[in-house]
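So you know, we letter chains A, B, ... as the sequences are listed, proteins then strands, and number each from 1.
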There are 2 protein chains.
Amino acid sequence: MPVTLKDIAKKTGVSVSTVSRVLSGDKAISVQTQQTVRKAAKKMGYRVNTVARSLKMNRTYTVGFVCPEITNEFFMKIAKGVEQELKQSGYSVIICTSNENVEDEARSLRILREKCVDGMIIIPCSNEGMHIKELFGDSCPVVLADRLVDDFKTDAVLVNNEAASFDLVDGLIKKGKKRIAFLGGNELITSAKERFSGYLKALKENNIAVEPELIRFGDFYLQSGYDIMKDFCEMKNPPKEFFISNYFMQVGAERYLQEYQKNKEDELTIVGFDNMDASPLFRFTERTAVQPMVAIGTEAARLLHRRIEGDKEAFPLISRFDVDWNVND
Amino acid sequence: MPVTLKDIAKKTGVSVSTVSRVLSGDKAISVQTQQTVRKAAKKMGYRVNTVARSLKMNRTYTVGFVCPEITNEFFMKIAKGVEQELKQSGYSVIICTSNENVEDEARSLRILREKCVDGMIIIPCSNEGMHIKELFGDSCPVVLADRLVDDFKTDAVLVNNEAASFDLVDGLIKKGKKRIAFLGGNELITSAKERFSGYLKALKENNIAVEPELIRFGDFYLQSGYDIMKDFCEMKNPPKEFFISNYFMQVGAERYLQEYQKNKEDELTIVGFDNMDASPLFRFTERTAVQPMVAIGTEAARLLHRRIEGDKEAFPLISRFDVDWNVND
DNA sequence: AAAATTAATGCAAACGATTGCACAGGAGGG
DNA sequence: CCCTCCTGTGCAATCGTTTGCATTAATTTT
């Protein structure tokens, strides 16, 4: 029983088209009629039915945002950027989660496709991209954030992972550290790979041999940080410097260290990525590369918006942000 | 150019209605036709256009979730529960943020109304409820989570705040502590109020006089926890025990303490609410009441779903969860 | 004053799906 | 052999908007 254009038309004695035109700001309607209609609309509490409008206009002013995990502060900072930016142009955002698996991701994409979103921003959960390509291909613009996929070239917004992790590792080396352990994220994921490259590059440029037992990959989540740090500390000759690929693994590592290596605060050093609210509580972390999370979202949203508006320039566009630096003292 | 029922109809030589019936599982269609149609639909990559369907059926299978801040782990855990639960019934969730202000909240609600959501789950940013009532009133079910509003009675899912905070404060008192400082959340918000009541009640039952200078209200965010803890510690006769109303204020407080009161780890004690990934890194926090965040979301979603299906029983229903207990050692 | 232009509004189709009703043809009952 | 009853399918209206085109009245031009 929401009030429709028809109701207003009936009440004011003009046609539905006239009401529609008034409410969409068509100047061709007499001031007289405009007033009458507007007043009636207001009084009756009219609200446009965007479902009907979308059907006619073939535009839903809705975009989809798919990420691996909705409770993840990092992803949600990106989502915030997206939401803020797109809200200004009248878009809303449907947030879906892939729960870190490709089937759920595909399911989410299917639903969003059926909801006829105008565009998609995806933080893919793996390197697989075929399902994205199949579902959206050319019909609907897709922007990737934070990660790329194989088999599907499209716009993306990333950070300079390799350079940042090179800098972190190189920094440690310059301070005379030679045995730097690497705690990686999910190896399938762009950012994890690139951060690993940066690590390798730093070793190489400083002529340090790679020690395979100092390299371990987790999944970017807490538990893997905890477990890998534990393993490292239980080695016969444990490393004292650590590169940790993201915040959540850092939390895990710090938790392990605070539980079992409390007294070694001055011996052990962590460098890594990101800076969150609780980061200053870390005892072992010295320096981190901070990704501009909200800005990544904002940029992805801007890019998507351009594509939705039909701009085809320089496709596919890969945009890379530099990180900021945080020193924990 | 997505393929429509019409396209399939044309291709298979049957009418649009028949195609529709086949795809919606109507058994009255001959097996013959069913096969033909299904095969064509699959081959052509048909996906229902839910915009059109929604218009006809007056059901969007979309619900709105409005919360004060999307990057807030607490709210997003609730959102996760909502999303998980509703996904099972084929709903998607549009997540909006009010940025902790009523105008934005109202704006989000208006948009969701125009998008014709089937229902709303709201974590209101204040005690104001008129705008919700006006926009949705009876037309669309609304469930509140975590907080209530004035002027609008509707279903809600909360926790037993008062009992939990009573227990925390009472616990400290039973250990002989008498000067317990209170770091509250935003006073306008249900949970902040109720936690304060619990504090007062514990003092009262133990015949401890309230000291107004030990009571301060913040806004549930980090900075307020930091600032208030600082103020307390800079008193001439600083308290040694603290009740902190939520996780984020705890982070702030812990940050202050780690910066400026590092050596007092054994003297100072914090109790409070919530337990997040980084909570085990807290040095001063002893015991917390843990809200079942995901379960709150799940329950809110279930309740909303019932209302959408037309169940009017026991309206308005206020459901309260008990907290769990976490001891940090 | 007739013709041409402009201004204000209405008609009706369209978007893509769902669904009540009608209808054709075949089966079964009397 | 006619009447009734299924079975399978199609017709057409409908959901609430938007919008090209037609229409009418008023105004301007010549």
Side-chain angles (χ1 to χ4, degrees), chain A residues 1-38 40-41 44-62 90 111-118 139-140, chain B residues 1-38 40-41 44-62 90 111-118 139-140:
Chain A
M1 52 229 59
V3 15
T4 68
L5 292 186
K6 206 158 140 192
D7 299 328
I8 301 180
K10 206 165 291 167
K11 187 75 111 195
T12 56
V14 300
S15 74
V16 170
S17 5
T18 301
V19 178
S20 170
R21 280 189 251 259
V22 169
L23 297 180
S24 56
D26 191 329
K27 315 273 280 187
I29 306 294
S30 73
V31 184
Q32 198 28 293
T33 314
Q34 286 196 34
Q35 288 185 343
T36 328
V37 169
R38 265 190 237 287
M44 303 169 75
Y46 174 78
R47 301 254 109 217
V48 63
N49 180 326
T50 56
V51 174
R53 168 183 283 172
S54 298
L55 179 59
K56 187 80 227 304
M57 313 248 281
N58 204 26
R59 257 311 201 51
T60 54
Y61 288 93
T62 303
I111 290 170
L112 291 169
R113 162 93 153 69
E114 292 180 349
K115 299 241 179 208
C116 307
V117 293
D118 296 338
S139 64
C140 158
Chain B
M1 53 224 58
V3 17
T4 69
L5 291 186
K6 204 156 139 196
D7 299 327
I8 301 180
K10 206 165 292 169
K11 186 77 112 197
T12 56
V14 300
S15 74
V16 170
S17 7
T18 302
V19 178
S20 170
R21 281 188 252 259
V22 169
L23 296 181
S24 56
D26 190 331
K27 315 273 280 189
I29 306 294
S30 73
V31 184
Q32 200 25 293
T33 314
Q34 287 196 33
Q35 288 185 342
T36 328
V37 169
R38 266 190 235 288
M44 303 169 73
Y46 174 77
R47 301 253 110 217
V48 63
N49 179 327
T50 56
V51 174
R53 169 183 282 170
S54 297
L55 180 59
K56 187 80 226 305
M57 313 248 280
N58 204 25
R59 259 306 201 56
T60 54
Y61 288 94
T62 303
I111 291 171
L112 291 169
R113 162 92 152 69
E114 293 180 348
K115 298 241 177 207
C116 307
V117 294
D118 296 339
S139 65
C140 160

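- The side-chain hydrogen bond (donor to acceptor under 3.5 Å, both in side chains) test applied to A:Ser20 returns no partner, not counting sequence neighbours.
- Residues satisfying the ring pair (Phe, Tyr, Trp, His ring centres under 6.0 Å) test with B:Tyr46, not counting sequence neighbours, are none.
- Overall, the helix from C:dA1-D:dT30 to C:dG30-D:dC1 carries an axis bend of 60° between its ends, with five pairs at each end and the value rounded to 10°.
- Using a 4.5 Å cut-off on side-chain heavy atoms (C-beta onward), A:Val22 and A:Ile8 make no contact.
- A:Lys115 and B:Thr62 get closest at one heavy-atom pair: NZ-OG1, 2.6 Å.
- For DNA chain D, no neighbouring residue in residues 45-52 of chain B is found when judged by any heavy atom under 4.0 Å.
- Heavy-atom contacts of chain B under 4.0 Å fall on DNA chain C between two terminal nucleotides, which in 5' to 3' order are C:dG16 to C:dG20.
- What you find for B:Cys140 and B:Val117 is that their closest heavy atoms are SG-O, 4.0 Å.
- For the atom pair A:Ser54 OG and A:Asp118 CG, the distance stands at 7.5 Å (nearest 0.5 Å).
- Listed for the B:Thr50 side chain is a donor-acceptor partner under 3.5 Å among the backbone atoms of A:Glu114.
- Applying the side-chain hydrogen bond (donor to acceptor under 3.5 Å, both in side chains) test to every pair with at least one member in residues 1-13 of chain B, sequence neighbours left out, gives these pairs: B:Thr4-B:Asp7.
- Residues of residues 15-28 of chain A that place a heavy atom closer than 4.0 Å to DNA chain D, in numerical order, are A:Val16, A:Ser17, A:Ser20, A:Arg21.
- Along DNA chain D, read 5' to 3', the first and last nucleotides having any atom under 4.0 Å from a heavy atom of chain A are D:dG16 to D:dG20.
- Remark: A:Thr36 engages no residue in a side-chain hydrogen bond (donor to acceptor under 3.5 Å, both in side chains) (not counting sequence neighbours).
- Of all heavy-atom pairs spanning B:Gly45 and B:Val3, the tightest one is O-CG1, 3.9 Å.
- Within 4.0 Å (heavy atoms only), B:Ser54 reaches no atom of the nucleic acid at all.
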> Do B:Val37 and B:Val14 pass the side chain to side chain contact (heavy atoms under 4.5 Å, CB included) test, and can you show the C-alpha distance, the side-chain angles, and the key distance before you say yes or no?
Replying inline: CA-CA 9 Å; B:Val37 169; B:Val14 300; 4.1 Å; yes
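- When the side-chain hydrogen bond (donor to acceptor under 3.5 Å, both in side chains) test is applied to A:Thr18, the partners found at least two apart in sequence or on another chain are A:Ser15.
- Counting only residues at least two apart or on different chains, no salt bridge (Lys or Arg N to Asp or Glu O under 4.0 Å) pair has a member in residues 13-38 of chain B.
- Among pairs with a residue in residues 51-60 of chain B, those fulfilling salt bridge (Lys or Arg N to Asp or Glu O under 4.0 Å) read B:Arg59-B:Glu309, at least two apart in sequence or across chains.
- The shortest non-hydrogen separation linking A:Leu5 to A:Val19 is CD2-CG1, 3.6 Å.
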